[in-house]
Structure formats: C-alpha cells, structure tokens
Amino acid sequence: MATKRLNAYNDVLNRTPKSVELDGKLSDLFGTLVFHSDVMREYLPSDTYKSMMEAINTGARLDRKLADQVATAMKDWALSKGATHYTHWFQPLTGTTAEKHDAFLKPIGPGRAIERFDGDMLVQQEPDASSFPNGGIRNTFEARGYTAWDPSSPAFIIGKTLCIPTIFISYTGESLDYKTPLLRALNCIDKASVDVCQYFDKNVNKVIATLGWEQEYFLVDQALFNARPDLMMTGRALFGHAPAKGQQLDDHYFGSIPERVNAFMREYEMESLRLGIPVTTRHNEVAPNQFECAPIFEECNLANDHNLLLMDLMEKIARKHDFRVLLHEKPFAGVNGSGKHNNWSLGTNTGVNLLAPGKNPKSNLQFLTFFVNTIMAIHDNADLLRASIASAGNDHRLGANEAPPAIISAFIGSSLTTLLDDLEKNIKAGKMTPQDKTELKLNIGKIPQILLDNTDRNRTSPFAFTGNKFEFRAVGSSANCASAMIVINTIVANQLIKFKKAVDSRIVKGEGKDEAILKELQVLIKASKKIRFEGNGYGDEWVKEAEKRGLSNRKDTPRALQAYHDKSIEKLFESMGVLSPRELEARREIEFEGYVLKIQIESRLMGDLVNNNIIPAVLAYQNKLIQNIHGMISIFGEKEGKAMANTQIEILKQVNHHMASMKSASEIMLAERKKANAVEDVEEKALAYCDTVKVHFDEIRYHADKLELIVEDELWPLPKFRELLFIR
Ligand code: ADP
Ligand code: MG
C-alpha cells in the first residue's frame, strides 16, 4: 500500500478508546464553568445583582460603576477556577468564533504585579481584528472594529480563559458579526409577539424565541484524515469512489455506538455540561461514521452561542481521541450529508409555548394566530429564508434526495391542514352570528386532541410543524444558526406587526376581537396556501408542482444570494432595525466572496491531487502492466505473448483513457479558473465560479474515481471511503 496510506491504516489499528472517568454524577458538572445567576448572586452585592438581572432581561445598559462591580466579581470567580486570561468571544462573519486572550495581570512596580480586570475591559475591547471579512464597511487601514459585552449570554471558562460573549461592530456602529443582528431580531420578535399576546393575555410582557438545534457530524480517524489533503483543506473528500457497502443496509442508524466514539462523546458532553450546554441526546446517524448530538432547547441567543461553543469543543476534543470531526455538509459523495435542524418556537414570561395548542379555545386561538402568521411569514419571505442557509457546502445537500429541496415550503400535517381548510371555508363574509362563532370555537377547541394523534411526520419538508414548534431542516451542519434565526425572527415579527394592524383596524370598524382575529387569519390562510406542501419533498413531481405554484427553486448559492438584491428585503431589514442597507450589502458581498474562496480552494486542490497523487499512482500501475506485457512477449514471442496479455493491454488502455480524460478536464478547469479570477465584481465572480469552474468537478472526479477502482489497491495513495467510513 502507498506508504502514507499504509502508515495511517496501521495507526488506526493500534488505537484504543480513551475513556474519561466521571467522578460523581453528570448533574454535578452542570454549569460549573459558567458565571450564571446563582454565581452572580454569590459574588455580587444584592443591588448590583438586581441591576444585572434587569440588564439581562430587558437589555438595559449597566452604568460604569456597576460594570466595575460585575467585572471584579467575574475576575474573582474566574481566578477561583484557575483562570489566568480573559477574552472577548465573538462571531465574525467567517462563520466560526474568534477570541484574543489577554492576561488579568498588571505590573504595579518592579517585580510586583496584581490581577486586574475592570468594567472598561469587560464592556468593550478593540481586538486587532482588521482582517475579518467586513464587506468594505471597514477599510483595513482605518479604525478597527470593537467588541462589546452581551450581558444576556453568561461568561464561561474554557481551559484557563474567561470567555465573555460579545458583539463585534465597526467604529461607525455597523455590525460585523452574527450576534448583533440576531439580538436585534430577537428584540423585534419579543415586542411584536407581546403586542399580539395582549389580545389573549394582558400578563404577557416578554416573549423569547427558543432554539433547539440538532447537530450532525462525521468522525474520521486523525491519521486517515491527515493522509487526505482534500479533507484537511476543504473539509470534504473531493475524490473517492462510494464504498461497496454504504448506508444501504441502514445498519448504522441508531445502532450501537462504537467504544472509541463513545469515549469521545462522553468527554465532549462532560465539557459541554460544565459549560452549561444541556446536551442530552446522542445517536448514530444514517451514514456510517455519522453521528448526531442535540441539547434541550434554550433561549435563541444562548442556544446559538452554545452551538458555536459545542462545534469548537468537538473539534478540540476529537483530536484528543485521535479523531477529526467533519462539520462539512457533504464530506462524502454518495453518502448522506450533515444538517443542523433548527427547532424554533416562542415562549412567554407566563410559561406558555405560543406554538403549542392550549387547554381552552382562547389559548388555541392564540396558538392558531402565531401558527398561521408564521406560515404567512414563510410564504412572503421564502427567498430570504433560502438565502439565509446558502453556502457552497449546503449546495451539495439541498435537493439531493437526502435533505429538503432548495424549494422552501411548510409542512403542517393532515389534521391542521383540514382545520385550516375548514377555517378558510367556514368563516363567512359579513358579520358572524353567535352560532358561527360558537361553531368555530368548538372547532378550534379540538386542536389539542387532533394533534395528539397527529403522528404524521414528514422528513422531506424544509420547514415542518412538529406539534409544538417548527423545525427548519434545511440549515447546513457547519452554519452559524444565527443566519437562519435572524431571518425567521425578523420575518415573523414583521408579519405579526402587520397582523396586529389589520386586526386593530377591523376592531375599530366594529368587529368583535375574536371575529376580527378569525377573519384576519382566514385572509392569511388563503394568501399563504401555496407555501403549504404535505407531499414528498424529494420527488421530481414536487419540483414541477412548485414551479406551477410559482415557488422559487434557487439551486445554488450565488442564485440564492441574489435574492438580497430585492428591494423589499432591504426595506424589511431596515424598517425592523435589524440590518441597515449598508450592513445588508456588506453581508451579501462577504457571502459571495466566501463562496468564491471555497470553490477556488476546492478547484486548486483537485488540480493538485490529480497531478501529484493520482497521475503518479496511475503511472506506477501502468509501468507494472507494461513490464508484464513486455515479459509475456519476451517469453512467448510477439504474437502469442500479445494475445496472452490481452487483459493487461485492455486495462492499460482503460487506465490511460481515464487518466487522459481526467487530466484534460482538469486543464479546462484551470483555464476557466484563470478567467474567473480576472472577474472584478464579486457577484459575477461567484457566478463564474459556479457556472464555469465548479461544473468540471464532476467529470474530473468521475474519471479519478474510476481509476480508484481499477488501479492496484497497493498503489493507491489516498485512504479510500471504506477506510475513512468504517475503521474506528
Ligand atoms: P425529535 O424531533 O427528535 O422527535 P423532540 O421533538 O423532542 O425530538 O425535539 C427535537 C428538538 O426540538 C430538541 O432539540 C428539543 O430541544 C427541541 N425543542 C423542543 N421543544 C422546543 C421548543 N419549544 N422550542 C425550540 N425547540 C424545541
Ligand atoms: Mg429533528
């Protein structure tokens, strides 16, 4: 076997599970590394504690003196846990998290120093972060961006460092991260939902969006990973024939978890629990070596911080167990990819889940209100929702018969479909009689029962109602959930505001409150009908049907991102105060740019692997064949020797054909890449990369993968899928 591959293979065979022992109960670990409210109560004077809680709940600003007190408390707590440094932890638009560590240490004389951390250091910091993407908002040579504390997400300790969740903004106040617009959107949904809740319950004064994410990922042995430059550099295998045995036997899904994997899971779960991430669920996923982890849902901003933390933890801890975690949406062609379901709902300060049917007709009408408005929001903003999940990686999944298609639609189940259809028909024009109202209420009162036996589940829908929440399933596994959450919360808030206006004006015109709500819901049910789809989202019929309905099907990232040009999107974000036109433009630019870079790296790497790995292996094999053929001829003479070497000659030809075709497609790709690189405008460049560079990937790969099947196994340099996916 080629040396690198053989060494990697042997490394794997020698691995043993590295279990971490737990001293005590799991619950003892929970939140021990988090500066949460109980710790604050212990470390802060009681009035400071109250102000801090208020700042967390209302977003009110802390004054300088309070910030100093909180900083001191944080420092004392962090030192007691062995921390030596602190960092502002933020989410630049690269998609990962960023940190810059500073010591608490301050020299105060020759040979003397103290631990210092004050309010200023807590509240604001200027990381030298000039090379994060900023879409032209911040010229690298001018003022830097700064980070500002987000008190609504508690500080935590990783290793020896106190991490303070922060937003990241430019000096001119524009957001350069995911958290800033997310917090703005969460504020919008809070206000808009509280206003609508007033129709039903005057005690509601706060509504939080909740997010429960489910993270899928692959594990690959570290040695095999290191022998695959494509996995190392792009997170996915650019080459590799599907293994003889893949996921067709379905024997991996929910199967027993291999011991080495289990040891890894245990350790990152224990670390997660210490950081307050309520991870509870783990299982094997559909593909071999694919797994899933899910926590209990939390407030959206916190849940998102926790997802980013978890991804980071997984990567770090995987290495300790000689694994590498692949968060890419499609690491292995021919095997299922990875997603990140975003379960989303709304919860009130009175403890009500607004997307769960209630116990009486009144609370059911409230449920129906939020339910129907959400569907309307999806209907009106499908393109925006699609854009929010666009990435080069996710392009491999959406519409590939394993993940929801690139067409946005909503699934609600047959019972709710019947109910909405009834409401649409049965609400009569003109004033409702008391009998009409009683009938409708009776109907609505039945929702909990009908949902109880509503067991239908549709795995193929991108946006599915699952009984007490919506599940956005089209999000990519490596994505920052904020991107989707910013959009969902903004569009639903916007829709609720419109709804409130419409209902209020009906009430002014003399309709009763319930009647006004019901009639307005009817309008929305009718208007949003085309976004509802209960059938198989993977089928070709749906693509045709969706086209008939006028739904978009934006199949690749550049096309999906073009939606951002729509003036109504700009207006929406601006009027809701979530993103200014400049911020939106910057984001669009960054995303086009990010797409170009990803495809560019993949394309370069393909060229490298063709030239440096695959062709040399093919040549070595050809030489063996040639030697053999020569040998046959020298023993048996020209005619008989050739006849006897017929198979070898055929293989030689085959191999040569695939090598030549692979190489020539690779040369064409290179020429196209050069052309694309010369394109100035970033959007056109992204389109060029998509339409003229990426299009050659499949052909190059086709021939390379054929060669993998023909060339002698011993000579093949890259670990094969059967090794990457089945050895552990
Ligand atoms: P499954 O979808 O696998 O059957 P569940 O329905 O229990 O499992 O939940 C799936 C995910 O939905 C979990 O991560 C859970 O935390 C989340 N979830 C449950 N309720 C809510 C809610 N009200 N808001 C947001 N997420 C929720
Ligand atoms: Mg799910």
Side-chain angles (χ1 to χ4, degrees), residues 30 182 185-186 189-190 193 197 204 206-217 253-254 265 269 272-273 276-286 290-311 314 336 338-359 363 366-367 369-371 373-374 377-378 403-404 410-413 416 447-448 451-475 477 479 481-482 484-489 492-493:
F30 194 64
L182 178 63
L186 292 172
I189 193 77
D190 175 13
S193 305
C197 283
V204 173
K206 170 106 187 155
V207 170
I208 57 161
T210 50
L211 166 64
W213 43 263
E214 302 163 53
Q215 179 73 52
E216 292 179 343
Y217 61 96
Y253 193 43
F254 278 62
M265 286 177 166
E269 285 169 1
S272 300
L273 291 172
I277 310 172
V279 286
T280 50
T281 306
R282 55 160 104 124
H283 61 79
N284 289 356
E285 257 304 325
V286 176
Q290 189 189 29
F291 307 93
E292 179 182 301
C293 154
I296 293 165
F297 70 93
E298 301 175 282
E299 184 278 324
C300 187
N301 174 43
L302 183 63
N304 190 46
D305 282 358
H306 280 169
N307 179 240
L308 291 161
L309 251 179
L310 178 108
M311 291 197 283
M314 274 183 164
N336 259 26
S338 302
K340 175 149 55 195
H341 295 177
N342 279 202
N343 295 276
W344 171 87
S345 190
L346 296 168
T348 68
N349 60 304
T350 53
V352 171
N353 176 354
L354 293 169
L355 289 171
K359 293 196 178 70
S363 52
Q366 177 173 275
F367 155 72
T369 297
F370 282 89
F371 177 72
N373 272 286
T374 302
I378 302 304
F411 168 87
I412 62 172
L416 283 166
I447 297 175
L451 271 191
L452 220 56
D453 49 51
N454 175 13
T455 47
D456 46 358
R457 282 230 159 186
N458 188 331
R459 296 256 135 220
T460 67
S461 172
F463 199 81
F465 183 68
T466 52
N468 56 1
K469 63 194 178 283
F470 279 98
E471 185 169 352
F472 191 25
R473 302 209 178 100
V475 183
S477 49
C481 308
M485 285 297 121
I486 291 164
V487 168
I488 291 181
N489 288 297
V492 175

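Counting from 1, the numbers follow the sequence of the chain as shown. Remember, it's 1-based here, ligands and their atoms both numbered in the order they're listed.
Ring orientation note: the planes of Y217 and F291 are tilted relative to one another, at an angle of 30° to 60°.
Of the N or O atoms in N343, one or more lie within a sub-3.5 Å distance of an N or O in ligand 1. Among the atoms of K469, some N or O lies under 3.5 angstrom from an N or O of ligand 1. Considering backbone and side-chain atoms alike, F297 places an N or O below 3.5 Å from some N or O of ligand 1. Remark: ligand 1 and E471 share no N or O pair separated by less than 3.5 Å (distance only, no angle test).
Every residue meeting the side-chain contact (heavy atoms from CB on, under 4.5 Å) condition with I208, not counting sequence neighbours, appears here in chain and number order: K206, T210, E299. T348 pairs by the side-chain contact (heavy atoms from CB on, under 4.5 Å) definition with C197, V204, V207, T350, V352, L354, not counting sequence neighbours.
Within the 4.0 Å heavy-atom shell around ligand 1 one finds N353.
F411 places none of its side-chain heavy atoms less than 4.5 Å from the side chain of P462. F470 has its side chain within reach of F371: a pair of non-hydrogen atoms, C-beta onward, lies under 4.5 Å apart. Using a 4.5 Å heavy-atom threshold, the side chains of T374 and F465 count as separate.
Listed by number with element, the atoms of ligand 1 under 4.0 Å from a non-hydrogen atom of T210 are 22 (C), 23 (N), 24 (N), 25 (C). Listed by number with element, the atoms of ligand 1 under 4.0 Å from a non-hydrogen atom of S345 are 22 (C), 23 (N), 24 (N).
Distance CZ/F367 to OG1/T369: 10.0 Å, rounded to 0.5 Å.
Under 4.0 angstrom from ligand 1, the non-hydrogen atoms of I296 all belong to its backbone. With a heavy-atom cut-off of 4.0 Å, A356 does not touch ligand 1 at all.
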